[in-house]
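A short write-up of the structure that comes next.
All chains are named by letter (A, B, ...) in the order of the sequence lines, taking the proteins before the strands, and each is independently numbered beginning at 1.
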Amino acid sequence: MGALAKEFSQAVNQGDVVVASGFTVGKSPTVNKDKLHPCNLLLSGDDAYIYVSRLPTPPDPGSQPAVKRGSALSAQVSRTTKAPKYTYVRLGDLKAGPAVNVYGVVTFFKQPYKSRGTDFCSILKITDQSKKEILCKVFCKKLEDHPNIFQIGDIVRLHGVKPHSYRNCIELVKTFGFSALTFDGVVGRPVEPRTSSRSFHFDQDDRRVVEELRSWASGQGFLPAVSTITLSAVEPKQYFDLTCQLLAKAPIDTTCILLRVWDGTRCPYKLLKVIVEPDVTEGPSSFSAEKESVIANILIYDNHVESAKQLKPGDFLRIYNLRAIPGSSKVPGLTSTQAVEVDHMAFHLHGGTAFGRGIRLLPEDSPEVQELKRVIAAIPGDEELSDSEMMEVWSTPPESLERTCGHDVQPVMLSQLKRSEPGRVHHVRVQLRSYEPLRLHQALKLYCSKCTTMREVPDDEVVDGVFSEASRDSGPCSPPTWALSGQVDAPRDTPNRALGVHLSTQLVSEGRSKELVFLRGSTLEETCHLASTYQNIVPVRSSGGQMDLLDLSAPFLFRGRKRYYGCKRCSEAAVREPCAVGVELIDEKVVAEALGVQLLQFVLLMKLELQDSTDTLDVFLWRDAENFFAVAAEDAAASQEAQNSIHQAMNFLCPPGGSTGERPWMDLCLASYEAKDNGGQNQTCYQICQTIFTRPPSSTRSNPNPA
DNA sequence: GCTTAGGTTTCG
């Protein structure tokens, strides 16, 4: 009756649940007619209330979150119609009994981990203004149903937890009707619930409770002053939480996985390097030297391997209870040819869940990730992709390519070219908008013409490692019967060390002993030094008493300043005597053939972004790159002069800091072809072919408008 | 339908 009737009729919908109070029970005057209940309820005046409870609407991705629907509803129905409220028990008032709802500040937590039973288990400890600390145990099959806790100080709201007594303490255990909301615990941050629940109740009272807990907790001192430690602040032997981005990962063995991460800061201690095979690495197998110097290698053990396997390069993570260990001992699973450096800071995530040990993915929109992205973006030079990262981006170059052009086709605009079917040759007149890699030495690759795979040129640090690992076995070494063996003093500052040299008897008998030596026990530096004395140096090692070649990660041959590499996949390498009878010049081909090494070819590979007035286009400069620059890739690997000539050409085509107007127009021949990208999808690629870089005779530019 | 874990550092 009255105002209540009016408000109620506006608020209620068919299907709603209503709860009435303050009514009087009377006899129904219409019972004979409608055959309904003989009594009715009369609601009238200020003491009567009727509560309308809306059933949750079906999930609809386009609709407002449940919170907003709730607040819109309560505004609409005014004081007389309220949604039912949940009640929350103070942690100090808990008694063993039926399920309750609680709020609390997280003082300890373990990420959900696989229990021995059927579920994942989360352990957390929460407290509130009553200062009672309560342990909570959550068992759920689905990870997303667990409280989404990132750090100590987060605030949780738990529904459907049952207080149990265990060893004279009250604990909360998840029971039926369980749901959890988690909030950032930092005063001033947005109050946004993290939950997987599709609908949940959340109103101004809840917001108030969260804010009260935040400000109370901030004065309690149990929140860590700095929530996590950066690589720049880490000290040896410390346990710490690390917020970082995953760059690459590689399995080591069944109980260990390697995560390569960075957090945008530089660790003051030397970082452990772990050498793994490139083909088992997910993500780039190597990075630019600058980037490598800020990448931490983290070894993840035992139960954490499973969660680490789910991670993808690029993910933002927090690793809890990571341990910094100075001076690595041993890394499992590495073969004898793989080196582990000592006296470097290693990071281990040990097995078990003690102290909350674990890994968790951080969502992109969390404040921690936003901050991390900001720091990483500020690292100078990172805008540039490193060599192997670029290999990931580029599609595999084609194995065959039609590259002949009579240069008699009419030039086309880029927009027109893009609409053409692949498999043709086109002429374009374009400017160079940008190119990769900016560091031109990264354009050098090693290519196997047999299996058509491409490999990075390893840096000296990696090669150094192979040499030092190889010299570790200093036991007796019986040389092959064809060899004459002796020793030479190591050059430079290592007077007390003798290096093993083995010569071909045949070559010695011909008076050609300087033309080829097998050198054992040298460092990379010593090998380079001796390369000025001997025309060909093949580094060898002792392996179980027998003479063997080094791992093919390192050059198998040093010829003056040039180094030659072999394909790991296609070589069947062994120490053998080259046949020098009638061979005038012993070169890399002669040595490679004798040793059973499939010689890798140095190649140049670049990506150029072209533009004209209609469009832009990414093209590769690869098969014809040596012609284009009139430089042999092999020379570019060893000669500064050759590198300079490429550098000058690129600077001319794309002056650093120059405007578009300053870039010369180029007449290019482009071959288009189909290639599979990393996902196996066909895509059209373009390569510059049959084109030679020449400078115009004077400073006059070509006509910028070919049309 | 009511087990799992029940914080407390690997040993690489």
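Near DNA chain B, meaning a heavy atom under 4.0 Å away, the residues from residues 131-144 of chain A are A:Leu135, A:Lys137, A:Phe139. Against DNA chain B, the stretch residues 108-130 of chain A makes heavy-atom approaches under 4.0 Å through A:Phe108, A:Lys110, A:Tyr113, A:Ser115, A:Arg116, A:Gly117, A:Thr118, A:Asp119, A:Cys121, A:Ile123, A:Lys125.
Stacking of A:Tyr166 onto the six-membered ring of B:dG6 is present: less than 5.5 angstrom between centres, less than 30° between planes.
Ion pairing between a basic and an acidic side chain is recognised when a charged N comes within 4.0 Å of a carboxylate O; A:Lys273 and A:Glu292 show no such pairing. A salt bridge does not link A:Glu212 with A:Arg207: none of the charged nitrogens is closer than 4.0 Å to a carboxylate oxygen. Taking the charged nitrogens against the carboxylate oxygens, A:Arg208 and A:Glu211 have no contact shorter than 4.0 Å, which rules out a salt bridge.
Per the geometry, NE2 belonging to A:His350 stands 15 Å off C1' belonging to B:dT8, to the nearest Å. If you take CD1 of A:Ile257 and C1' of B:dG12, they are 15 Å apart, rounded to a whole angstrom. If you measure from atom NE2 of A:His146 to atom P of B:dA5, you get 13 Å, rounded to the nearest angstrom. In this structure, the CG atom of A:Leu322 is 15 Å from the P atom of B:dT10, given to the nearest Å. The nearest whole Å value for the distance from the CZ atom in A:Arg357 to the P atom in B:dT10 is 6 Å.
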Below 3.5 Å, can you tabulate the donor-acceptor pairs from side chains in residues 165-182 of chain A to any protein atom, sequence neighbours excluded?
{"from": "A:Glu171", "atom 1": "OE1", "to": "A:Lys137", "atom 2": "NZ", "distance (Å)": "2.5"}
{"from": "A:Thr182", "atom 1": "OG1", "to": "A:Asn148", "atom 2": "N", "distance (Å)": "3.2"}

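Between the C1' atoms of B:dC2 and B:dG6, the separation comes to 16 Å (whole Å).
Listed by first and then second residue, the ring pair (Phe, Tyr, Trp, His ring centres under 6.0 Å) pairs involving residues 94-129 of chain A are A:Tyr88-A:Tyr103, A:Phe109-A:Tyr320 (not counting sequence neighbours). Residues in residues 103-124 of chain A take part in these salt bridge (Lys or Arg N to Asp or Glu O under 4.0 Å) pairs, two or more places apart or across chains: A:Asp119-A:Lys141.
Nearest-nucleotide assignment on DNA chain B puts the 5′-proximal partner with A:Phe176, out of A:Phe176 and A:Val173.
In plain terms, the two heavy atoms of A:Cys244 and A:Ile319 that are nearest each other are SG-CD1, 4.2 Å.
Not a single ring-ring contact (aromatic ring centres under 6.0 Å, His included) links A:Phe150 to another residue, sequence neighbours left out.
Set against B:dT10, B:dT8, B:dG6, the side chain of A:Tyr239 has B:dT10 as its closest nucleotide.
Checked against the 6.0 Å centroid threshold, A:His159 and A:Tyr86 count as a close aromatic pair.
Across all strands shown, A:Gly352 has no heavy atoms under 4.0 Å from either base or sugar-phosphate atoms.
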